[in-house]
Amino acid sequence: MASIRALQRRIKRIEEAEKPRPSPFTLLFGSFDAWVEREVLPGIQSGALDQRDMVAVVAALRAWEGDGTWQNLR
């Protein structure tokens, strides 16, 4: 019986490892768009962030969000 429980625990760990992991934006802000609305746009409007730079940064991070780059981080 102990071997069956050990097998069940092992299967559970394998299944958990295969689940998609949320990005840091999803964990901290609920979504990528929420981060842009709450942090980036007000920063650009106040002049704390450069609009040209942030457009490139947001585009790169959005591409990572879309292609699953965050899945490979450990």
Side-chain angles (χ1 to χ4, degrees):
M1 197 63 157
S3 63
I4 292 175
R5 281 188 230 127
L7 180 60
Q8 288 172 331
R9 285 191 303 270
R10 184 175 180 197
I11 290 172
K12 184 178 179 180
R13 278 194 311 265
I14 291 169
E15 289 174 346
E16 290 295 321
E18 291 178 355
K19 283 184 181 178
R21 295 179 346 159
S23 75
F25 300 102
T26 302
L27 291 174
L28 295 171
F29 299 99
S31 72
F32 188 84
D33 292 331
W35 171 71
V36 170
E37 290 177 19
R38 282 189 224 155
E39 301 293 327
V40 176
L41 294 178
I44 290 171
Q45 290 172 349
S46 72
L49 300 173
D50 183 69
Q51 181 177 1
R52 292 168 297 177
D53 290 343
M54 287 312 294
V55 167
V57 168
V58 169
L61 292 174
R62 189 176 296 278
W64 287 6
E65 185 83 3
D67 70 9
T69 297
W70 304 115
Q71 298 297 318
N72 299 326
L73 297 178
R74 301 259 168 186

For a quick test of your reading: what N or O donor-acceptor pairs under 3.5 Å do the side chains of residues 52-59 make, sequence neighbours left out?
from, atom 1, to, atom 2, distance (Å)
Arg52, NH2, Asp50, OD1, 3.4

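Taking Ile, Leu, Val, Met, Phe, Trp and Tyr as members and joining any whose side-chain heavy atoms lie under 4.5 Å apart, directly or through other members, Leu27 forms no hydrophobic cluster with any other residue. Here Leu7 is tied into one hydrophobic group with Ile11, each link being a pair of ILVMFWY side chains closer than 4.5 Å.
With sequence neighbours excluded, the residues satisfying side-chain hydrogen bond (donor to acceptor under 3.5 Å, both in side chains) with Glu16 are Lys19. Residues forming a side-chain hydrogen bond (donor to acceptor under 3.5 Å, both in side chains) with Ser31 (at least two apart in sequence, or on another chain): none.
A salt bridge (charged side-chain N to carboxylate O under 4.0 Å, His left out) check over residues 22-47, counting only residues at least two apart or in different chains, returns the pairs Asp33-Arg62.
Annotation: side chain of Leu61 is in contact with side chain of Phe32 (closest heavy-atom distance under 4.5 Å).
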